[in-house]
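In what follows, every heavy atom counts, from backbone to side chain, and hydrogens, waters and symmetry copies are set aside.
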Amino acid sequence: MFLITKIIDCFYNFDLIKRKKYRRENLEKHNILEEKFISNKNKPIYYIIRYEDGMSCGWTVWERVVLFGCIYAVSHKMIPVVDMKTTKNIYLEDDEVGKVNAWDKYYLQPFDVTLDEALQSNNYILADPSQNWFVYLRMERKCNNNDYLREQYSKYIKLNKNTINICEGNYARIVSDNNSKLLGVCLRGTDYLLYHHPMQPQVEVVVKEAKKYFKLLNCDYYYIATEDYTLLKSFEKYLPKEKIITYNAGNVRQVDGLIGEQIRKDKSANDAALDYLTTLYILNKCSVLIGGKCGATIVASYRKNPPYEYVNIIDTHKSY
């Protein structure tokens, strides 16, 4: 037993050394990629959150970029401002890039400071937009604590009134009784199968867990959240159809690339934005969440405040 403990300690210490080395190297790169325009250190300094969106990412990636950027900025006595205007993202039309801030269309700025105001201050820092910096921020130990993230999320990530009204209207159209108790089921397919993403659990495994807690916690409906047509049909096979509700689920049958790019072939930037925001909004209305490890479930686990009555994000510990 002593020998096993020592071996475990050695692996832990080795991993810790690697993590420290990774963080140190990325902090050095960050200082190079960060751009500083500070005219007066005694005045408020704005930290402009940017991201190189090479994977055509959806809202759950952007929300985490903003959340971790806000945590970093505030801990360094800066005011975070979100920039989804300067570079291309799937929630902007081509002619809106550089003209419209996609974040402002659907969310509130964390401290009610616009991007233009921050830039005009001549007292700002352009954050490192790289994926490595995003990973670096996520490795902060306290960012692995859902209670901490829930508290921080509620401070910084807020939909604007217009978005809430639209999402609430979409929700009301599929749930006639606002007192209905929902069990959310979320699995990813499509481009998850093409890239090195977390392997999702089998539908049968998720269904077994969902049925158990549907009965145990007296739920009224299963809310199925998946973009994958085949997955949706599988859930409809195993669950009673009269107990299933969906919003825009199963709308993708096949992809040969990134899901964000596929969606934008069929939808405007605004429709793509609001459809996904509605899906996430209804997941947040659920009392129970069961599904695979993916951006939607990871963020949902700390977005909901107060927390779900029961949540099980099934990690297969494998990748595609």
Side-chain angles (χ1 to χ4, degrees), residues 1 3-23 26 55 57-61 63-65 67-68 131-132 134-150 153 183-214 216 222 224-228 230-232 234-235 238-239 252 255 258-260 279-280 283 286 288-304 307-320:
M1 185 66 183
L3 180 58
I4 294 174
T5 302
K6 295 299 287 184
I7 292 172
I8 292 173
D9 286 344
C10 285
F11 275 114
Y12 175 79
N13 290 332
F14 180 67
D15 183 61
L16 192 62
I17 291 170
K18 287 199 301 181
R19 286 169 67 89
K20 285 181 177 179
K21 183 175 183 290
Y22 177 88
R23 286 179 60 82
N26 276 281
M55 295 291 287
C57 295
W59 285 123
T60 54
V61 171
E63 283 192 1
R64 280 177 285 171
V65 168
L67 175 60
F68 298 134
Q131 170 70 16
N132 283 341
F134 177 36
V135 173
Y136 172 90
L137 294 177
R138 286 160 57 187
M139 289 177 68
E140 179 68 38
R141 180 170 296 181
K142 58 187 177 183
C143 290
N144 292 318
N145 183 305
N146 268 8
D147 291 333
Y148 172 78
L149 290 177
R150 184 173 295 108
Y153 185 99
L183 184 150
V185 175
C186 182
L187 277 186
R188 282 296 318 274
T190 58
D191 67 341
Y192 256 48
L193 308 177
L194 304 178
Y195 299 95
H196 193 64
H197 287 303
M199 184 176 291
Q200 302 294 280
Q202 294 297 311
V203 170
E204 293 85 349
V205 173
V206 176
V207 165
K208 182 178 180 180
E209 181 81 345
K211 282 183 174 180
K212 174 182 176 181
Y213 283 92
F214 188 90
L216 190 64
Y222 298 96
I224 310 298
T226 181
E227 85 292 355
D228 192 299
T230 303
L231 286 176
L232 177 61
S234 294
F235 282 118
Y238 292 111
L239 298 172
V252 181
V255 295
L258 298 166
I259 186 66
T279 296
L280 300 174
L283 269 184
C286 296
V288 180
L289 175 64
I290 297 171
K293 185 179 180 181
C294 63
T297 54
I298 290 169
V299 175
S301 65
Y302 55 76
R303 178 196 291 115
K304 188 170 176 63
Y308 292 99
E309 290 181 37
Y310 176 76
V311 56
N312 185 1
I313 300 174
I314 301 169
D315 189 348
T316 64
H317 301 286
K318 297 178 181 178
S319 298
Y320 291 110

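- Rounding to the nearest 0.5 Å places CD of Glu309 at 12.0 Å from OH of Tyr213.
- Residues Val299 and Trp59 fail the side-chain proximity criterion, which asks for heavy atoms closer than 4.5 Å.
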Evaluate the side-chain contact (heavy atoms from CB on, under 4.5 Å) criterion for residues Val207 and Phe235: first the C-alpha distance (whole Å), next the side-chain angles of each, then the deciding distance (0.1 Å), finally the verdict.
-> CA-CA 7 Å; Val207 165; Phe235 282 118; 3.8 Å; yes
Do Arg138 and Cys143 pass the side-chain contact (heavy atoms from CB on, under 4.5 Å) test, and can you show the C-alpha distance, the side-chain angles, and the key distance before you say yes or no?
-> CA-CA 6 Å; Arg138 286 160 57 187; Cys143 290; 5.8 Å; no
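- The closest side-chain heavy-atom distance from Thr60 to Ile298 is not below 4.5 Å.
- The heavy-atom pair separating Thr279 from Ala225 by the smallest distance is CG2-CB, 4.0 Å.
- Within the structure, salt bridge (charged side-chain N to carboxylate O under 4.0 Å, His left out) contacts touching residues 184-199 (residues at least two apart or in different chains) are Arg188-Asp191, Arg188-Glu227.
- Between the NE2 atom in His197 and the SG atom in Cys294 there is a gap of 10.0 Å [rounded to 0.5 Å].
- For the atom pair OH (Tyr192) and NZ (Lys293), the distance works out to 9.5 Å, reported to the nearest 0.5 Å.
- Note that the OG1 atom of Thr297 and the CG atom of Leu283 stand 9.0 Å from one another [nearest 0.5 Å].
- For the atom pair Ile224 CD1 and Cys186 SG, the distance stands at 9.5 Å (nearest 0.5 Å).
- When every heavy atom of Asn146 is checked against every heavy atom of Ser301, the shortest pair comes out as ND2-OG, 3.2 Å.
- Sequence neighbours left out, not one pair with a member in residues 201-214 passes salt bridge (charged side-chain N to carboxylate O under 4.0 Å, His left out).
- The CG atom of Asp315 sits 11.5 Å away from the CE atom of Met199 when rounded to the nearest 0.5 Å.
- The side-chain heavy atoms of Lys304 and Leu289, taken from C-beta on, include no pair separated by under 4.5 Å.
- Between Phe214 and Tyr222, the ring centre distance stays below 6.0 Å.
- Counting only heavy atoms from C-beta outward, the side chains of Leu187 and Pro201 approach each other to under 4.5 Å.
- At least one side-chain heavy atom of Glu63 sits less than 4.5 Å from a side-chain heavy atom of Tyr153.
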